[in-house]
Amino acid sequence: MGREEIVKRLGQYHLTAFQKRVLLATYAIPKGKTLTYKQLAEKAGYPKAYRAVGSVMKMNPLAPEIPCHRVVKSDGTLGNYSAPGGISKKRRMLKAEHAL
DNA sequence: TTCCTGACGCTCG
DNA sequence: GCGAGCGCCAGGA
């Protein structure tokens, strides 16, 4: 699954430019690495929209293509996770890819 | 269009 | 070390 494919799929949903950029930035996170919401916001081109990033994550139309579980809070904690399994699932996935 | 809500971040006391 | 407050941006009702 390449970036082009992701872009194409995102096009099928009614997403704003902001949402697309955030999702693509999330997709770009390499396996085994994690980014903070703030860093992700910067990567997406909206350095101060770190709060809105969370809103995009919860929508995440392409899970698990979009590794939203690799996004954590700045203080090191995992933050939240709305997908089935919740926070414990998130922690477990990160551990599975040596990101924890 | 205005108001409310967040998977947040940072500063203070 | 920890909770309270305030600031932040984009969505959704």
Side-chain angles (χ1 to χ4, degrees):
Chain A
M1 184 72 76
R3 184 194 145 95
E4 289 302 315
E5 192 63 26
I6 296 298
V7 175
K8 191 172 182 178
R9 298 222 178 190
L10 287 178
Q12 295 178 168
Y13 300 85
H14 186 50
L15 301 173
T16 66
F18 172 71
Q19 296 176 315
K20 289 181 184 176
R21 297 190 62 155
V22 170
L23 291 172
L24 284 175
T26 306
Y27 174 73
I29 301 175
K31 180 183 178 184
K33 290 218 38 173
T34 59
L35 279 185
T36 64
Y37 289 93
K38 189 175 184 179
Q39 294 178 315
L40 185 60
E42 294 175 355
K43 210 176 188 57
Y46 299 76
K48 297 182 200 170
Y50 45 76
R51 192 165 187 178
V53 169
S55 300
V56 177
M57 294 294 101
K58 68 179 180 185
M59 298 178 202
N60 191 4
L62 270 66
E65 295 299 325
I66 303 293
C68 52
H69 61 276
R70 291 179 192 153
V71 186
V72 300
K73 302 218 323 177
S74 297
D75 58 12
T77 60
L78 299 185
N80 228 312
Y81 195 61
S82 49
I87 191 64
S88 61
K89 180 78 175 183
K90 180 173 181 177
R91 179 170 52 71
R92 192 176 138 182
M93 294 178 84
L94 289 174
K95 194 169 185 178
E97 30 183 87
H98 304 276
L100 201 55

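Keep in mind that what you see is a predicted model, and the values were worked out from it rather than measured. Proteins come first, then strands; the chains are lettered A, B, ... in the order of their sequence lines, and each starts at number 1.
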Taking DNA chain B as the partner, which of [range] come within under 4.0 angstrom of it by heavy atom?
{"range": "residues 80-100 of chain A", "result": "A:N80, A:Y81, A:S82"}
{"range": "residues 57-69 of chain A", "result": "A:M57, A:K58, A:C68"}
{"range": "residues 10-46 of chain A", "result": "A:Y37, A:K38"}

Report whether [X] and [Y] are members of the same hydrophobic cluster (ILVMFWY, side-chain heavy atoms less than 4.5 Å apart, transitive linking).
{"X": "A:V53", "Y": "A:Y27", "answer": "yes"}
{"X": "A:Y81", "Y": "A:I29", "answer": "no"}
{"X": "A:L62", "Y": "A:L35", "answer": "yes"}
{"X": "A:V72", "Y": "A:I66", "answer": "no"}

Task: Non-neighbouring partners of A:R9 that pass salt bridge (Lys or Arg N to Asp or Glu O under 4.0 Å), sequence neighbours left out - done: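 Checked A:R9 against salt bridge (Lys or Arg N to Asp or Glu O under 4.0 Å); matches are A:E5.
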TODO: Go through the structure and list residues passing salt bridge (Lys or Arg N to Asp or Glu O under 4.0 Å) with A:R51, not counting sequence neighbours.
DONE: none
Please write out each protein N/O paired with an N/O of nucleotides 4-7 of chain C under 3.5 Å, distance rounded to 0.1 Å.
residue : atom : partner : partner atom : Å
C:dG7   : O6   : A:R51   : NH1          : 2.9
C:dG7   : N2   : A:Y50   : OH           : 3.2

TODO: Sequence neighbours left out, what passes side chain to side chain contact (heavy atoms under 4.5 Å, CB included) with A:K48? Give chain and number order.
DONE: none
Open item on the list: Can you list everything that forms a side chain to side chain contact (heavy atoms under 4.5 Å, CB included) with A:P61? Sequence neighbours excluded, please.
Closed with: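 A:P61 satisfies side chain to side chain contact (heavy atoms under 4.5 Å, CB included) with A:L10, A:Y13, A:L15, A:L23 only.
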Open item on the list: With side-chain contact (heavy atoms from CB on, under 4.5 Å) as the test, pick out the partner of A:N60 among A:P67, A:C68, A:S82.
Closed with: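 Answer after filtering A:P67, A:C68, A:S82: A:C68.
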Task: NZ on A:K73 to OG1 on A:T34, rounded to 0.5 Å - done: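 Rounded to the nearest 0.5 Å, the OG1-NZ separation comes out at 14.5 Å.
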Distance-only criterion, 3.5 Å: show the donor-acceptor pairs between side-chain atoms of residues 87-100 of chain A and protein atoms not counting sequence neighbours.
residue : atom : partner : partner atom : Å
A:S88   : OG   : A:G85   : O            : 3.0
A:K90   : NZ   : A:V71   : O            : 2.8
A:K90   : NZ   : A:L78   : O            : 2.7
A:K90   : NZ   : A:N80   : O            : 3.2
A:E97   : OE1  : A:H69   : NE2          : 3.3
A:E97   : OE1  : A:R70   : NH2          : 3.2
A:E97   : OE2  : A:R70   : NE           : 2.6
A:E97   : OE2  : A:R70   : NH2          : 3.3

Task: Intra- and interstrand pairs of DNA chain C - dot-bracket, Watson-Crick/G-U under 3.5 Å, | marks other strand - done: .||||||.|||||
Task: Contact check, side chains of A:V22 and A:M57, non-hydrogen atoms, under 4.5 Å - done: yes
- [ ] Could you tell me whether A:A52 contacts a base, only the sugar-phosphate backbone, or nothing, with contacts defined as non-hydrogen atoms closer than 4.0 Å?
- [x]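 Result for A:A52 = base.
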Task: Contact interval (first through last nucleotide) of DNA chain B with protein chain A, 4.0 Å heavy-atom - done: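 That gives a stretch of B:dG6 to B:dC10.
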Task: Over all atoms of both residues, closest heavy-atom pair of A:A49 and A:F18 - done: CB-CE1, 3.7 Å
What side-chain donor-acceptor pairs closer than 3.5 Å can you find for residues 37-44 of chain A, not counting sequence neighbours?
residue : atom : partner : partner atom : Å
A:Q39   : OE1  : A:T36   : N            : 3.0
A:Q39   : OE1  : A:T36   : OG1          : 3.4

